> 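My structure is below; once you've seen it, I'll send some questions.
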Amino acid sequence: MWQEHRKVDCMLMNTAQIKKASADDNRTLNHKMKILLDIGQALMESGADCTRIIRDMRRAAAHLRIPSDQLQSHVTYTTLMLNITDGERSLTQFRKCMKHGVNLAVIEAISKLTWRILRDNTPINAIENAVTRIRHRPRSYPTWAAALGAAIASGASCSLFGGSLSEALIATIAALAGFIAHRLSISNEFNPYACSMIAAFVSTIFAWFIPLILGFPTMWYALVSCTIFLIPGFPIVNSTSDVINRFISSGMTRAIDTILIIGGMTFGIAFAILFTGIENISDVQIRPTDAYLGQALAAALAAGGFSIIFNTPKKLLALVALEGILTMLIRNVLMNEFGLSQAIGSFAAAAVVGISALKVIHIVHTPNTLLIIPPIIPLVPGVLLYRLLFAILHIHTISAEELLQALRFGVDGMTIILAIVIGVSIPNIFIQSRIEMQQQREINAIIVRREAER
């Protein structure tokens with residue numbers, strides 16, 4: 001009993017220490033800034049865009065009683081900076097963020113934490129401990145589960161492109177080998193772009209070699225889908241989101257990082273093509289069938305596989321798989337039944353997911369990022385980009401007509417990717433300011449209620 005009273009007294013004491021920034025000494029104010037930077041770093045290193053990073057840090061700052069007009073923040077892809085000026089003092093802290101990945105469980109946990117500390121008037125030490133636990137918590141899935149997710153996502157994508165069941169199986173095995181090579185490269189601290197190159201090379205080699213030793217012809221759809229798990233979906237969407245929201249420096253850096261990752265993949269695939277002497281791929285096309293049940297199952301598996309790679313909380317896997325089915329059915333119906341282009345179908349599917357997520361997030365209480373990116377990655381037209389790559393590698397041996405056709409496919413592929421990114425970014429383009437104003441009103445109401453209770 002005595003220990004419980006002592007714990008309550010300590011919590012009350014820590015809560016009382018949260019006073020206005022103007023009344024804090026420099027040590028306390030620096031402590032508050034450190035907590036805000038811990039939150040920002042956890043988000044940046046887990047794949048959050050700049051808007052979310054700023055929003056969550058300011059939400060925590062409101063709880064720490066740092067007025068928004070006294071807090072200035074600057075976010076780039078590798079550096080976070082905070083400055084607090086109260087008219088008499090000006091304190092600045094920097095934080096480097098050099099380790100980047102995707103961890104959706106951390107993004108969700110930080111978002112919920114910043115709301116919870118506001119509503120519960122959480123003491124400073126408890127906040128710091130909670131952020132530390134979130135940053136160092138183990139991933140929701142073991143390595144073998146992530147490897148299986150990558151393999152299933154690639155195999156399911158093969159079916160979505162139009163591949164047969166046997167081709168999907170080969171793509172699954174090849175992607176598993178590539179994922180293992182990628183993890184081994186990361187564990188040996190190789191350059192991240194070299195890791196993508198090695199993984200793409202290994203996957204492509206396996207997709208070519210397995211049919212060869214089994215006496216089967218080259219399985220083209222397995223070749224073009226076995227590296228789909230390496231597609232940098234989050235950097236692509238985040239770079240667009242940052243540019244739209246005028247975080248130009250971060251957005252351009254993310255875009256360059258995306259290009260370098262794709263470049264590493266391209267070199268890996270190119271080396272494998274030249275090493276194996278793979279012949280013409282100009283006849284391979286994306287051909288989504290009208291077998292909607294099979295496509296729906298493949299879409300669910302692909303979305304679920306990518307969700308596991310991105311460490312999506314387990315409770316959301318079924319919902320993300322359902323969204324994957326929805327996106328693929330929308331695209332295929334528009335293409336097969338209405339004769340629309342793949343770009344328009346992909347745009348519509350991505351837009352539906354992006355807009356519907358705004359409603360769903362209030363039901364499942366999770367950030368929209370967790371619900372919009374995993375379901376759209378299977379829409380990426382890997383076949384079209386692969387054909388462009390093949391044409392470039394064989395530019396001296398193909399005809400002018402074949403080269404022109406490959407360039408057209410490449411342009412179509414980039415157009416589809418742009419349509420997907422714009423589709424999921426519609427909420428940011430049109431109603432982001434309204435969402436932020438609504439959240440700010442809720443924060444202000446919580447602060448007013450807390451002040452009245454003092």
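What you see is a predicted model; the values in this text were computed from it and never measured. Scope of the values below: all heavy atoms of this structure, side chains included, with no hydrogens, waters or symmetry mates.
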> Would you list the pairs meeting ring pair (Phe, Tyr, Trp, His ring centres under 6.0 Å) in which at least one residue belongs to residues 293-314, sequence neighbours left out?
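Applying ring pair (Phe, Tyr, Trp, His ring centres under 6.0 Å) to every pair that reaches into residues 293-314, excluding sequence neighbours, yields F234-F310.
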> Answer yes when D38 and R95 have at least one side-chain N-carboxylate O distance shorter than 4.0 Å, and no when they do not.
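R95 and D38: salt-bridged.
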> Looking only at heavy atoms, what is the nearest atom pair of A303 and P375, with distance?
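Smallest heavy-atom distance, with atoms named: CB-CA, 4.1 Å.
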> For the atom pair OG1 (T258) and CG (N238), what is the distance rounded to the nearest 0.5 Å?
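Reported to 0.5 Å precision, the distance equals 8.5 Å.
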> State the CZ-SG distance between R246 and C50, to the nearest 0.5 angstrom.
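Interatomic distance, R246 CZ to C50 SG, rounded to 0.5 Å: 13.5 Å.
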> Kindly determine whether D49 and S241 satisfy side chain to side chain donor-acceptor pair (under 3.5 Å), including the steps that lead there.
CA-CA 7 Å; D49 62 9; S241 175; 2.9 Å; yes
> Please indicate whether F209 has more than 12 foreign heavy atoms, meaning atoms of other residues, nucleotides or ligands, lying under 6.0 Å from its CZ.
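No, not enclosed.
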> Do H100 and D257 touch side chain to side chain, with heavy atoms closer than 4.5 Å?
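Contact flag for H100/D257 side chains = no.
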> Considering only NZ, NE, NH1 and NH2 on the basic side and carboxylate oxygens on the acidic side, decide whether E108 and K315 come within less than 4.0 Å.
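Salt bridge: yes.
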> Run T114 and R59 through side chain to side chain donor-acceptor pair (under 3.5 Å) and show every step you take.
CA-CA 6 Å; T114 54; R59 195 182 300 151; 2.8 Å; yes
> Tell me, with the steps shown, if F161 and E167 meet side-chain contact (heavy atoms from CB on, under 4.5 Å).
CA-CA 11 Å; F161 292 154; E167 288 175 310; over 6 Å; no
> What closest approach, in Å, do I39 and A60 show between heavy atoms, and which atom pair accounts for it?
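Between these two residues, the closest heavy atoms are CD1-CB, 3.6 Å.
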> Quick check: closest heavy atoms across C158 and A171, and the distance to 0.1 Å?
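In terms of heavy atoms, the two residues are closest at CB-CB, 4.0 Å.
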> Counting N and O atoms only, with roles assigned by atom type, does the side chain of Q295 sit under 3.5 Å from a partner on the main chain of S159, one being a donor and the other an acceptor?
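Checking the backbone N and O of S159 against the side chain of Q295, a donor-acceptor pair under 3.5 Å is found.
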> Determine, stepwise, if the pair L176 / T172 fulfils side-chain contact (heavy atoms from CB on, under 4.5 Å).
CA-CA 6 Å; L176 180 62; T172 300; 5.8 Å; no
> Tell me, do I170 and P211 make a side-chain contact under 4.5 Å, heavy atoms counted?
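Heavy-atom side-chain distance check passes, below 4.5 Å.
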> Check whether T79 reaches the backbone of K96 with its side chain - one donor and one acceptor, N or O, closer than 3.5 Å.
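Absent.
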> For the side chain of S341 and the backbone of I344, is there at least one donor-acceptor N/O pair under 3.5 Å apart?
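Side chain of S341 to backbone of I344: a pair is present.
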> Taking S250 for the side chain and F247 for the main chain, is one N or O donor matched with an acceptor at less than 3.5 Å?
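Flag not set: sc S250 to bb F247 has no pair under 3.5 Å.
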> Given side chains that start at C-beta, do those of Q93 and K34 come closer than 4.5 Å, heavy atoms only?
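With C-beta onward as the side chain, the pair touches.
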> Decide side-chain contact (heavy atoms from CB on, under 4.5 Å) for M98 and E45; before the verdict, give the C-alpha distance in whole Å, the side-chain angles of both, and the deciding distance to 0.1 Å.
CA-CA 8 Å; M98 303 305 296; E45 293 182 347; 5.9 Å; no
> Between L71 and R58, is any pair of side-chain heavy atoms under 4.5 Å apart?
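Heavy-atom side-chain distance check passes, below 4.5 Å.
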> Decide yes or no for L82 and T92: does some side-chain heavy atom of the first lie under 4.5 Å from some side-chain heavy atom of the second?
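Not touching, per the 4.5 Å side-chain cut-off.
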> Decide side-chain contact (heavy atoms from CB on, under 4.5 Å) for H63 and I443; before the verdict, give the C-alpha distance in whole Å, the side-chain angles of both, and the deciding distance to 0.1 Å.
CA-CA 9 Å; H63 168 64; I443 292 172; over 6 Å; no
> Would you say that N311 contacts V102 through its side chain, given a criterion of any heavy-atom pair below 4.5 Å between the two side chains?
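No, side chains not in contact.
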> To the closest 0.5 Å, what do you measure between CD1 (I244) and CD1 (I422)?
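Rounded to the nearest 0.5 Å, the CD1-CD1 separation comes out at 7.5 Å.
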> Could you check whether atom CE of M252 has more than 12 heavy atoms from other residues, nucleotides or ligands sitting under 6.0 Å from it?
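Atom CE in M252 is not crowded, with 12 or fewer foreign heavy atoms closer than 6.0 Å.
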> Would the distance check show the side chain of T312 and the main-chain N or O of I308 forming a donor-acceptor pair, the cut-off being under 3.5 Å?
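Here the side-chain-to-backbone pair does not exist.
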> Have N83 and S90 got a donor and an acceptor in their side chains that come within less than 3.5 Å?
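Side-chain D/A pair, N83 to S90: present.
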> Under 4.5 Å between any side-chain heavy atoms of V360 and L319, yes or no?
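Result yes, sub-4.5 Å side-chain heavy-atom pair found.
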> Does the side chain of I248 come within less than 4.5 Å of V243's, by heavy atoms?
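With C-beta onward as the side chain, the pair touches.
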> Quick check for you: to the nearest 0.5 Å, what is the distance between I261 atom CD1 and S196 atom OG?
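If I round to the nearest 0.5 Å, the distance is 5.5 Å.
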> Can you list the steps and then say if K314 with S140 is a side chain to side chain donor-acceptor pair (under 3.5 Å)?
CA-CA 7 Å; K314 296 177 182 178; S140 302; over 6 Å; no
> Going from CZ on F216 to CG on L214, what distance comes out if it is rounded to the nearest 0.5 angstrom?
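CG of L214 is found 5.5 Å from CZ of F216.
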> Output the distance between atom CE (M81) and atom CE (M33), rounded to the nearest 0.5 Å.
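Here the interatomic distance stands at 9.0 Å.
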> Under a 3.5 Å distance rule, please check whether S239 uses its side chain to pair with a backbone N or O of P235 as donor and acceptor.
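Answer holds: yes.
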> Please report the shortest heavy-atom distance between A146 and I309, naming the atom on each side.
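So the two residues come closest at O-CG1, 4.1 Å.
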> Using the benzene-type ring in the case of Trp, are the ring centres of F229 and H182 under 6.0 Å apart?
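No, the ring centres sit 6.0 Å or more apart.
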> Between the side chains of T240 and D242, does any donor sit under 3.5 Å from an acceptor?
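There is no such pair (donor and acceptor under 3.5 Å, judged by atom type) between the side chains of T240 and D242.
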